[in-house]
Amino acid sequence: MYYLKLFLDICLWRAKPQDVPTSITLLALALFINLVLSVLSLLGKLEMGAALKVAVADLVLLVALVHTALLLRNKGVRSQQTLSALAGIGVFFLLLSWIADFAFSGITNNTGAILQFVILGWYLFIFANIVKQAMEFPLPIGIAFAVFYLLLSMGLSGALAPELISEARG
């Protein structure tokens with residue numbers, strides 16, 4: 001429960017990624033829960049095997065991109081905290097997105113889509129803030145990094161599961 005509150009506090013700017021303990025166990029747990037929730041969120045759109053493939057690929061992309069960037073900035077010692085924070089906020093935003101989907105599932109106007117867009121923007125800003133602090137970047141570079149990750153993630157997901165692209169268009 002402590003970690004859930006910590007990740008929520010990061011999302012509300014009441015805590016920093018530096019407040020996340022350096023712990024391989026916490027990192028593994030945050031990545032695992034993120035993976036499970038990602039797979040579950042994709043099951044309405046994809047079969048289990050494809051959902052698992054997309055979710056695993058996205059986590060590998062996140063870990064590789066962030067860890068490499070930290071190493072290039074000579075901040076490799078921050079990997080566990082940074083990746084734990086990013087996976088933890090990912091869990092928070094996946095849950096928030098589910099709640100929004102559930103709350104607006106029977107409504108025919110665009111309120112749910114607008115809310116999902118707001119949630120995505122909030123996620124990107126928190127992601128950017130974590131990157132900014134971990135890599136000691138200015139915020140605009142953190143935002144660019146977050147958007148770059150999002151675009152790579154969407155491209156990779158679309159390449160692995162083209163049905164995601166056709167569903168988004170239709």
Side-chain angles (χ1 to χ4, degrees), residues 1-46 51-67 69-70 75 78-105 107 111-135 137 139 141-154 156-157 164 168:
M1 198 63 168
Y2 166 79
Y3 294 119
L4 194 57
K5 182 182 179 331
L6 175 61
F7 295 133
L8 176 61
D9 285 346
I10 290 171
C11 293
L12 297 174
W13 292 279
R14 294 188 296 214
K16 298 177 182 175
Q18 299 92 309
D19 298 329
V20 176
T22 302
S23 164
I24 194 69
T25 303
L26 176 60
L27 174 59
L29 184 62
L31 289 171
F32 178 75
I33 293 171
N34 190 299
L35 176 68
V36 169
L37 292 179
S38 293
V39 169
L40 291 174
S41 71
L42 289 167
L43 283 179
K45 303 168 187 93
L46 301 172
L52 184 59
K53 181 171 56 173
V54 168
V56 167
D58 185 58
L59 273 184
V60 169
L61 174 66
L62 175 70
V63 170
L65 187 64
V66 170
H67 185 68
L70 285 165
K75 310 281 184 207
R78 298 179 182 180
S79 283
Q80 284 183 12
Q81 284 178 300
T82 304
L83 289 166
S84 293
L86 290 170
I89 67 150
V91 167
F92 172 78
F93 282 102
L94 281 165
L95 290 172
L96 190 60
S97 181
W98 278 3
I99 291 167
D101 275 349
F102 179 75
F104 293 97
S105 63
I107 299 173
T111 306
I114 292 168
L115 185 55
Q116 290 293 352
F117 185 73
V118 169
I119 291 169
L120 177 62
W122 184 13
Y123 169 76
L124 287 174
F125 193 74
I126 299 301
F127 188 112
N129 189 47
I130 291 169
V131 167
K132 168 197 169 290
Q133 291 185 38
M135 297 186 201
F137 281 149
L139 186 57
I141 294 176
I143 292 170
F145 189 95
V147 171
F148 179 69
Y149 162 71
L150 175 67
L151 294 175
L152 281 178
S153 174
M154 290 170 58
L156 180 61
S157 297
L164 289 174

Task: Evaluation steps, side-chain contact (heavy atoms from CB on, under 4.5 Å), between I126 and W13 - done: CA-CA 8 Å; I126 299 301; W13 292 279; 3.3 Å; yes
- [ ] Show the numbers, then the answer: is there a side-chain contact (heavy atoms from CB on, under 4.5 Å) between V63 and V60?
- [x] CA-CA 5 Å; V63 170; V60 169; 5.9 Å; no
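- In this structure, CG in L31 is found 7.5 Å from CG in L62, a value given to the nearest 0.5 Å.
- Side-chain contact between Y3 and V20 is absent, with no heavy atoms from C-beta onward closer than 4.5 Å.
- Taking the side chain as every heavy atom from C-beta outward, S79 and V66 never approach each other to under 4.5 Å.
- Between the CD1 atom in I130 and the CZ atom in R78 there is a gap of 13.5 Å [rounded to 0.5 Å].
- Counting heavy atoms from C-beta on, the side chains of T82 and P17 never come closer than 4.5 Å.
- Of the residues listed (V39, L40, I33), the one engaging V36 in a side chain to side chain contact (heavy atoms under 4.5 Å, CB included) is L40, and it is the only one.
- To the nearest 0.5 Å, atom CD1 of residue I89 and atom CG of residue L8 are 11.5 Å apart.
- Rounding to the nearest 0.5 Å gives a distance of 6.5 Å between CG of L164 and CG of L42.
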Task: Verdict with reasoning, I141 to K132, per side-chain contact (heavy atoms from CB on, under 4.5 Å) - done: CA-CA 7 Å; I141 294 176; K132 168 197 169 290; over 6 Å; no
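- At least one side-chain heavy atom of L95 sits under 4.5 Å from a side-chain heavy atom of W98.
- Between Q81 and Q18, the shortest heavy-atom contact is NE2-O, 3.0 Å.
- A side-chain N or O of Q116 and one of S97 form a donor-acceptor pair less than 3.5 Å apart.
- The main-chain N or O of K16 is found under 3.5 Å from a side-chain atom of D19 such that the two form a donor-acceptor pair.
- Pairing each heavy atom of L70 with each of A134, the nearest pair is CD2-O, 3.9 Å.
- Atom OG in S38 sits 6.0 Å away from atom CG in L59 (nearest 0.5 Å).
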Task: I143 vs L124, side-chain contact (heavy atoms from CB on, under 4.5 Å): CA-CA, chis, key distance, verdict - done: CA-CA 7 Å; I143 292 170; L124 287 174; over 6 Å; no
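- By the 4.5 Å heavy-atom criterion applied to side chains, F7 and V91 are not counted as neighbours.
- Residues F93 and Y123 bring their aromatic ring centres within 6.0 Å.
- The CD1 atom of I10 sits 4.5 Å away from atom CG of L6, with the distance rounded to the nearest 0.5 Å.
- Between W122 and F92, the distance from one ring center to the other falls under 6.0 angstrom.
- Between the D9 side chain and the R14 main chain, no donor and acceptor come within less than 3.5 Å of each other.
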